[in-house]
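All remarks here apply to the structure that follows.
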Amino acid sequence: MRIAVLSDIHANLPALEAVASDLPPVDQVWVLGDTVGYGPQPNEVITALQAMGARSVLGNHDGAAIGAVDANQFNPDARRAIEWTAEAIDANARAYMSALPEVRRDGDLTAVHGSPRDPIWEYITSVGIAAANFEHFDSRLCLFGHTHVPIAYRAVDGAVEAIPGMPGDRVQLGTARTLLNPGSVGQPRDGLPDAAYAILDTAPGASADSVEFRRVRYDIDRTQRLMREVGLPPRLAERLSFGR
Ligand code: ZN
């Protein structure tokens, strides 16, 4: 089965549209939360995901935008963006996010925003944190986001290895249990401004899985212009140019 893995779109419609045009034929689209927050087009992004039939989970920004997660835990710029988003979302977007699970499980896949141990808040930023999380899901693969950095953590012979998701790389996962982060569509933070996503090829049973880390150029100027027009914090617009 071929799966498109998208995360942290953050209401950045030009980035999502660029990814959608770049997508090869896939069987499923999975979205790992933070669909809104930071960016200027939350309603349009959710409508686009609905049209794609995306299987999504709830992120911390999504939860805060609908009042289900405490917005006081955010830094000032992120909180201002959440307040703007909470005002901007329409009934469809609110209903969509209210129905999202924190953990989605289907066959060989588990999906969360942060980590299987703490789906809303934990950042998996090291081999040690990844290793501690393998006992918190029971599928072969677990998809996660939240850090905005593409990476795979494979559990091999009792150890965990980190494989950074370099643009265009195709990584053979074998049959190893893996925690996989596709990076961020709408606000990359690995120093590359292009939208990030991944294509996962899974094979049932004992065959091998593989993942391809992909990057797509998009119209960053357009997103930045829209952010300024609606009064989102300038720093949030500027960082998109640098992928930081
Ligand atoms: Zn995020």
Side-chain angles (χ1 to χ4, degrees), residues 5-16 19 29-42 45-46 48-49 54-66 68-86 88-89 93 96-97 100-104 111-125 129 133 142-151 165 179-198 213 215 218 220 223-224 227 232-233 235-244:
V5 189
L6 280 54
S7 191
D8 295 275
I9 300 164
H10 282 296
N12 187 339
L13 185 68
L16 177 60
V19 166
V29 177
W30 287 58
V31 173
L32 311 177
D34 279 8
T35 293
V36 306
Y38 295 137
Q41 294 183 284
V45 161
I46 285 171
L49 291 187
R55 297 155 188 245
S56 300
V57 296
L58 186 78
N60 53 316
H61 286 256
D62 310 320
I66 57 170
V69 164
D70 183 5
N72 288 316
Q73 300 210 41
F74 289 80
N75 71 50
D77 278 347
R79 200 167 63 224
R80 278 185 55 201
I82 286 299
E83 285 160 5
W84 178 85
T85 303
I89 51 175
Y96 180 83
M97 289 190 284
L100 292 179
E102 292 185 9
V103 181
R104 191 178 278 271
V112 293
H113 179 60
S115 77
R117 180 166 64 181
D118 179 357
I120 296 296
W121 285 111
E122 186 174 37
Y123 290 90
I124 302 181
T125 50
I129 298 171
N133 267 287
C142 179
L143 313 174
F144 72 101
H146 197 36
T147 66
H148 298 207
V149 174
I151 195 164
L179 278 156
L180 172 67
N181 188 331
S184 167
V185 171
Q187 196 206 74
R189 292 182 193 159
D190 59 350
L192 303 171
D194 294 348
Y197 76 102
F213 292 98
R215 301 305 276 257
Y218 74 95
I220 294 175
T223 299
Q224 291 172 323
M227 289 174 77
L232 284 159
R235 217 149 31 138
L236 295 179
E238 287 153 16
R239 68 187 299 180
L240 295 178
S241 299
F242 307 103
R244 288 287 179 203

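We number each residue from 1, following the sequence as shown. Note that ligands are numbered from 1 as they come in the structure, with each ligand's atoms numbered from 1 the same way.
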For this session: To 10°, measure the OD1(D8)-the Zn ion (ligand 1)-NE2(H148) angle for me.
Result: 80°
Seminar exercise, completed: Value for CZ (R117) from CD1 (I124), rounded to nearest 0.5 Å, stands at 8.5 Å
Problem set entry | Salt-bridge criterion met for R239 and D77 (N-O under 4.0 Å) | no
For this session: Would you check if the Zn ion (ligand 1) lies under 2.8 Å from any N, O or S atom of H10?
Result: yes
Exercise. Checking only N/O/S atoms, does H61 have one that is under 2.8 Å from the Zn ion (ligand 1)?
Worked result: no
Problem set entry | Within the 6.0 Å centroid threshold, strictly below: H61 and Y38 | yes
Seminar exercise, completed: Here the N/O/S atom of D34 closest to the Zn ion (ligand 1) would be OD2
Exercise. Looking at H148, H113, H146, which hits ring-ring contact (aromatic ring centres under 6.0 Å, His included) with Y123?
Worked result: H146
